[in-house]
There are 2 protein chains.
Amino acid sequence: MLSSVTLREVADEAGVHYSTASRALNPATRSIVNAKTAKKVLAAAERLGYRPHPLARGLRTNRTLTIGMAVPDLLNPVFPQLYAGAEASLRDQGYWLLVGAGDDCGTPKSASRILIDQHVDGLIVANAHIHSTLPQNPTNQTAPTVLVNRTTDTIDAPSVACDDHAGIGLVVRHLVELGHTDIAHIAGPQFISNGVIRRQAFVAWMHSSGLETPPELIVETDGFHIDEGRRACERLLDSGARFTAIVGANDLMALGCYDVLAERGIRVPHDVSVTGFDDMAYIDRVHPAMTTVSVPFYEMGALAGEVMLTLLTSEDSGAGTLPTSTRLRPHLEVRDSTAPPAVS
Amino acid sequence: MLSSVTLREVADEAGVHYSTASRALNPATRSIVNAKTAKKVLAAAERLGYRPHPLARGLRTNRTLTIGMAVPDLLNPVFPQLYAGAEASLRDQGYWLLVGAGDDCGTPKSASRILIDQHVDGLIVANAHIHSTLPQNPTNQTAPTVLVNRTTDTIDAPSVACDDHAGIGLVVRHLVELGHTDIAHIAGPQFISNGVIRRQAFVAWMHSSGLETPPELIVETDGFHIDEGRRACERLLDSGARFTAIVGANDLMALGCYDVLAERGIRVPHDVSVTGFDDMAYIDRVHPAMTTVSVPFYEMGALAGEVMLTLLTSEDSGAGTLPTSTRLRPHLEVRDSTAPPAVS
DNA sequence: CATCATACGGCACTCGTTTGCAGTATTTGC
DNA sequence: GCAAATACTGCAAACGAGTGCCGTATGATG
């Protein structure tokens, strides 16, 4: 289906051999052919509406102009933002972004599928297990990879993420300034870098504020979802531990806290303050509007795309790849879910 | 980069010619080769971790196992849902879904780009202008196309959408039953089918309820976004017309109404009831929780994927394509943004 | 006018797979 | 045991574009 116009037809139209047409059409080799001939070929191509066949070209050049992006969950509004940013910067350079969604952060399965079965030129990974290895083909070769929003211990690849440590600092300081001392943390899964880093940051900032972090006030979850937040909040309340604020490791889990607290008649922020992380879309419209750490996801995605592009060109030029790790500055959005602790 | 193991290597490993290996590997042609030989080849392929080269295969068969999906705006949570549904049903059959996001509902530019530059086998279009034509290549050929969530006057392609007429009926009846008589409508853009159909449905249902629809109570917008909803609501209020309820053509525009009404000290639902359409993610958590028409977007996407698959197979078998138009039943979600009109 | 240097265009092979066709084993029937 | 039919398998030609290499045409120069 859809047989488009081929290079030979362009060449015939222009009255030259198709190899000449090929060179004329390719900006990199255009200088080889006579300027007049090139002009003729370009005109013919324009007239016929020639578009190079992407498969044929890819087969020959071994480049598909396609980048794969592995995300855990498109329904979390954070990832469409990441996607949009990356897509914008890649499209500028003629690249396509192919998204593969799948929750399997543990295995590099989805990434591997996208990498091998689609022959992408590079991979932007947003769902890395903290100990995951790079997806490889059986001959142990790999493709240029950029980690975004997540990092790993084990992969030596450039990453673009948020300065989670600073972000947690923002909320902890905010709560401390409000007068809170008994602060709980709903930690993310400890097999994902964000979960680990935010947890460690929470402990560090609490201690540097002279506050305790008793183990019963830190609850770990198995995923950054609303349900996990619910379960964690229930565990927290059922433990009987006293606290006046909850620092959620992301917005969705904080939303889960909202639900459980409401069910039990605990008012936010009057009885308990709640903070999130991400500043996902529409989180400023929930009730009460959530105080959270705003992460520039679009910019993060755009930057990841640019890093990918430099990776691709440096690979072409044979220069040694220089994995850089960038962390973007978040900022605090103070809304209505935080207040001074009630005097008891 | 990423040179994977090739068919010839598998054939060598199995000690057969590579054409034989090809036949053994392809389930459709496997019956041609000797069962023992096939077994040998399969084992060799397994051992070497062979994956067919997608570009080479696509070049030869003229099928890429990739479907393109054109959506207007990934940041509207509705479209990730559509995507997820379609992706799920297509992946089952080994197909990939490549999303192209772009607001250009008017031109089939993005669709055409995705169609020609990526050589997709089919196109799922979720951003059709009501008068748009199918994207074509210069030789006037086109690819199997399924419209989803939108329809057009001009394209004779199968479509999967929501029964908007019935959906609007649900909210209008709901408001009428609450006692509202002066009901306004924030209509979507009239170059998009949803905008037109919901507007017509609003007028029809109002009339069948014996109610008037004065022109000043229907405001059209230029896009299904929050900002457009804001502007429309301002126009509505500034017109001085009296009304006790607003039927928004989608949730985002209804959110825009929330904002303007709040700024002007008009309480929802006490002073004015507001309804949305779509039941997008997290709209049950805004304040007040929005009464809206729930549309099964995931199922819609999944169905679109299945329709696409039947289209592809019917094309193979040469059977005339049978464009069907499916409309999924929505249901009403009554929440806190609607109430009886205040007695004045 | 002859020779050489240069610039340009054409030939042919390549990427990895599918597939029509022909050829060769192998079996079956008599 | 021989012929014919069958069942496999191998050969080679595609698909469309890119590119090293060689031949030729063109120009310049002595």
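Side chains are part of it too, since the values below use all heavy atoms of this structure and drop only hydrogens, waters and symmetry mates. Lettering follows sequence order; numbering is per chain, from 1.
Contact between the side-chain N/O atoms of A/R57 and the OP1/OP2 oxygens of D/dG18 is found at a separation under 4.0 Å. For the pair B/T6 and C/dC15, the criterion of a side-chain N or O lying under 4.0 Å from OP1 or OP2 is not met. In this model, the phosphate group of C/dT17 is not approached by any side-chain N or O of B/T61 to a distance below 4.0 Å at OP1 or OP2. Look at B/T29 and you won't find any side-chain N or O under 4.0 angstrom from OP1 or OP2 of C/dT19.
The residue from A/T66, A/T64, A/N62 that alone fulfils the side-chain hydrogen bond (donor to acceptor under 3.5 Å, both in side chains) condition with A/D121 is A/T64.
A/A21 and A/L7 get closest at one heavy-atom pair: CB-CD1, 3.9 Å. For B/P158 against B/V307, the heavy-atom pair with the smallest separation is CB-CG1, 3.8 Å.
B/E87 places none of its side-chain heavy atoms less than 4.5 Å from the side chain of A/V99.
Spacing between atom CG of A/L65 and atom P of D/dA17 amounts to 14 Å, rounded to whole angstrom units. As rounded to whole Å, 11 Å separates atom P of D/dC15 from atom CD of A/E9. Atoms NE2 (B/H53) and P (D/dG16) sit 17 Å apart, rounded to a whole Å. Taking atom CG of A/N62 as the reference point, atom P of C/dT17 lies 12 Å away to the nearest angstrom. For the pair B/K36 NZ and D/dA7 P, the computed distance is 15 Å after rounding to whole Å. Counting to the nearest Å, the P atom of C/dT6 and the CD1 atom of A/I32 are 17 Å from each other. Atom CZ in A/R30 sits roughly 14 Å away from atom P in C/dG9 (whole-Å rounding). Rounded to whole Å, the distance from CZ on A/R8 to C1' on C/dA12 is 11 Å.
A donor-acceptor pair is defined here as one N or O able to donate and one able to accept, closer than 3.5 Å; no such pair exists between the side chain of B/R91 and the backbone of B/W96. Checked by atom type and distance alone, the side chain of B/R30 pairs as donor or acceptor with a backbone atom of B/A24 at under 3.5 Å.
At most 12 non-hydrogen atoms from other residues, nucleotides or ligands lie less than 6.0 angstrom from CZ of A/R8.
Annotation: proximity of residues 13-26 of chain B to DNA chain C (heavy atom, distance under 4.0 Å) is found for B/Y18, B/S19, B/S22, B/R23, numbered in ascending order.
Across all strands, B/L7 comes closer than 4.0 Å to base atoms (heavy-atom distances). Contacts of A/L55 with the nucleic acid, taken as non-hydrogen atoms under 4.0 Å apart, are absent.
With distances taken from any side-chain atom of A/L59 to the nucleotides D/dG16, C/dT17, D/dT9, the minimum falls on D/dG16.
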